[in-house]
Amino acid sequence: MTLREKLRLTEGLSAWKTVPVPEEGLESLFMSDGPHGLRMQDFTENIFHQGSKPATCFPTAVSTACSFDTKLLGEIGTAIAEEANEQGADVVLGPGVNIKRNPLCGRNFEYFSEDPYLAGKLAAGFISALQASGIGGCIKHFACNNQENRRMSSNSALDERTLREIYLTAFEIAIKESSPSSVMAAYNLINGEYCPENKMLLTDILRDEWGFEGLVMSDWTAINNRTESLKAGCDLLMPGCHYYMEKEVAKDVKEGKLKKEIIRRAADRVKAWVRKFGKDGEMYKLRPSSCNYDQHHNIAQKAAEQSAVLLKNTDNILPIKPEQTVSAFGRMYTKLRYQGAGSSLINPTKLSQLSEVIKSDGSAAECDIAVIFTGLPDEYESEGFDRTNLRLPPEDIKLIEETAAVNPNTVVVLFAGGVVETPWIDKVKAVLYMGLPGQAGAEAVKNLLYGFANPCGRLAETWCMEYADTPSADTYGAKNAVYKEGIYVGYRYYEKNAITVRFPFGHGLSYTEFEYSKLTVTNDTVSVRIKNVGNRAGGEAVLMYVAAPENTTLDRPVRELKGFTKVFLEQSAETVVKFTLEPRSFAVWQGKWVIPGGIYTIQIGNQTAEIAVEGDTFAPITYTIPAYDDFPKRPGEFTLNDTPDELAASSLFCKSFCTITEKILLHKTGGVKNNQFHMMYACSVLGPLRATIQAGGISSELANALVDSANGKHIDSAEHLMDLFVAKLKKS
Ligand code: BGC
């Protein structure tokens, strides 16, 4: 292969395929989004997220995380692999393991947890199963991609200990335990460096330290400088076919700024990836021989049932007894919100509405029980933009309050991809949180409400009393996002500062009861006995926390999750659950992983036990957040890395561009500012121009004309426009 051909190989052929290498017998490898179901777009080749082949829509990660069940994630992984194989996808772009730093993040529905151990283990369960069926996984978005606001140009500024202990751990666990075929480098910068250009991240940590041997690809349009990203270890630019910076890379090679070996290395990794995970590749023989969509619907239903969290159940109002009359209503009763939006949007194989499976007997005042199906409407949360608050729509709050005033047995069923404030909670008897339960959500809700299924989920994220209580409330969403709360994210923050929360991490009720006893620690083995002492069968997520000794010289969380498992027990049945303690159960990052010695406490349910741990000798490091110069804003300083809305203040031309773009987008969405509109607006008006070029949304001439105009170089700007005009004329 010539150097040019090798370079071609390091960019996609299209939105979803790699460039084929017929002389080496390599067909294009096909990628598809798919953390909670497949989104095959082969027929449109369209980067935007509309129209895909029908596939099973499983509950999203916000739900499945609450299952605390790696086996369940494995079942979903296997089912998705079967569909991927049947539909022709070789690699599934998921799962996403970014930490829920702040509950406003519009993409939290697609992520597992505020806790890295939980996120990492669940992701490993999913990836292992997917790859055992011959389909590659792609863990994303590496790393610190924790807000959607200006996600393509925001900088996550954080100290090294926080990076290691909170934001990299989930990736580390999943990569070491399940060897995903690929890693997707995120859009954002970390401490001033774009993730795809971050050698420390993509090579020093990922490959040299963790032993990753697969492929690194960019998130879609995430590449800033192609030469720098190749050097850092980002092997594949996605999507493809725009030959982004190909000329510049060739020039850099000529001038000795980029070694040819680096291009060869990236091309070799692409080929090795295709050889392993592509059609007829090494893993191909593992691919399943059948795919049963009805069976997958049942798995989706089981997953929704086992991920639901019963938040409140006063007087055991739930389950509903067969003889009780029920008034059922609310915005989700006839229009279920079962998934998020953006690149993970699935075209479900089937879908029932709650109104089809749960009958309503009359008005709320007349019935024994009033059930309100409510939650966040589609336009409240999506990939591409953040939420503005944690409240339910005002009319829904009013409905809850008015219903509770006429019926003392009011039950609320919530559908939302993240935390919602519940100031009305004392007025209702029960709350069942479904997350975004996937295409079988309605059937699952029916079974849960009527007791055919027993809730067994636990919250994978703390529910605060109000948004102002959250650790990053005052700084979240800024373009320069300073992670000043450090390691104190989620429960680590609330527990350390003794802040009252609405529902803690790990909260979840059941229709039965479990008794914990006999917690023992022998060497590195922890065991505890669990008995179902209630009156029906049920599942129990068992969580093991490790609490560090108080006399340590280091600042540490009150306790951290270091083990979990899920058990299902018949009435009166009991079992012994075992966990293994590992060095990392006690370790902190101090330039390397070290163990502060002392007496640690193991906590499982209401049981505790102590263990003496011999420590390492080390001198504690005081970490600081690197200062980062803010982004250029004045005329003369604008580049293709800036966004049209940032340029608008300095140029009427740019301002008009923003206005016209908004009008075009509104036209595309039929005049409504729905989540599709917000997402496209975020990509085009609030996204850097170089990304829009890579997406094929704007020509580089027009982008440069905008930048020159904002920089006050009006003649240069006009020249670019002229070039564009001439090019268009030639084409026509
Ligand atoms: C998302 C990725 C996704 C990709 C392809 C990007 O906008 O961030 O998660 O895999 O699009 O659809």
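Each ligand, and each atom within it, is numbered from 1 in the order the structure gives. Values below: all heavy atoms of this structure, side chains included; hydrogens, waters and symmetry mates excluded.
For the ligand labelled ligand 1, residue R39 lies inside the 4.0 Å heavy-atom shell. Assignment of E110 to the shell around ligand 1 is not supported, since no heavy atom sits closer than 4.0 Å. Distances from ligand 1 to the non-hydrogen atoms of M184 include at least one value under 4.0 Å.
Contacts between M679 and ligand 1, counted as non-hydrogen atom pairs separated by less than 4.0 Å, are absent for every part of the residue. Within the 4.0 Å heavy-atom criterion, the part of R107 lying near ligand 1 is the side chain and not the backbone. Under 4.0 Å from ligand 1, not a single heavy atom of M217 appears.
Side chain of Q147 to backbone of A478: a donor-acceptor contact under 3.5 angstrom is found. Under the 3.5 Å distance criterion, the side-chain polar atoms of S133 are left unmatched by any main-chain donor or acceptor of P288.
With ligand atoms numbered from 1 in the order given, ligand 1 contributes 7 (O), 8 (O) to contacts under 4.0 Å with heavy atoms of R151. Below 4.0 Å from some heavy atom of K140 lie the following atoms of ligand 1, by number and element: 2 (C), 3 (C), 9 (O), 10 (O).
No hydrogens or angles considered: a donor-acceptor pair under 3.5 Å links the side chains of N146 and Y483.
Considering N102, T388, N389 in turn, N102 is the only one that fulfils the side-chain hydrogen bond (donor to acceptor under 3.5 Å, both in side chains) rule with Y467.
Annotation: cation-pi pair R387/Y380 absent, no NZ/CZ under 6.0 Å from the ring centroid and within 45° of its normal.
Between E662 and T659, every side-chain heavy-atom pair lies at or beyond the 4.5 Å cut-off.
Heavy atoms of other residues, nucleotides or ligands lying less than 6.0 angstrom from CD of E209 number more than 12.
Checked by distance only, ligand 1 and W16 stay at 3.5 Å or farther apart across all their nitrogen or oxygen atoms. Ligand 1 has an N or O atom lying under 3.5 Å from an N or O atom of E383, backbone or side chain.
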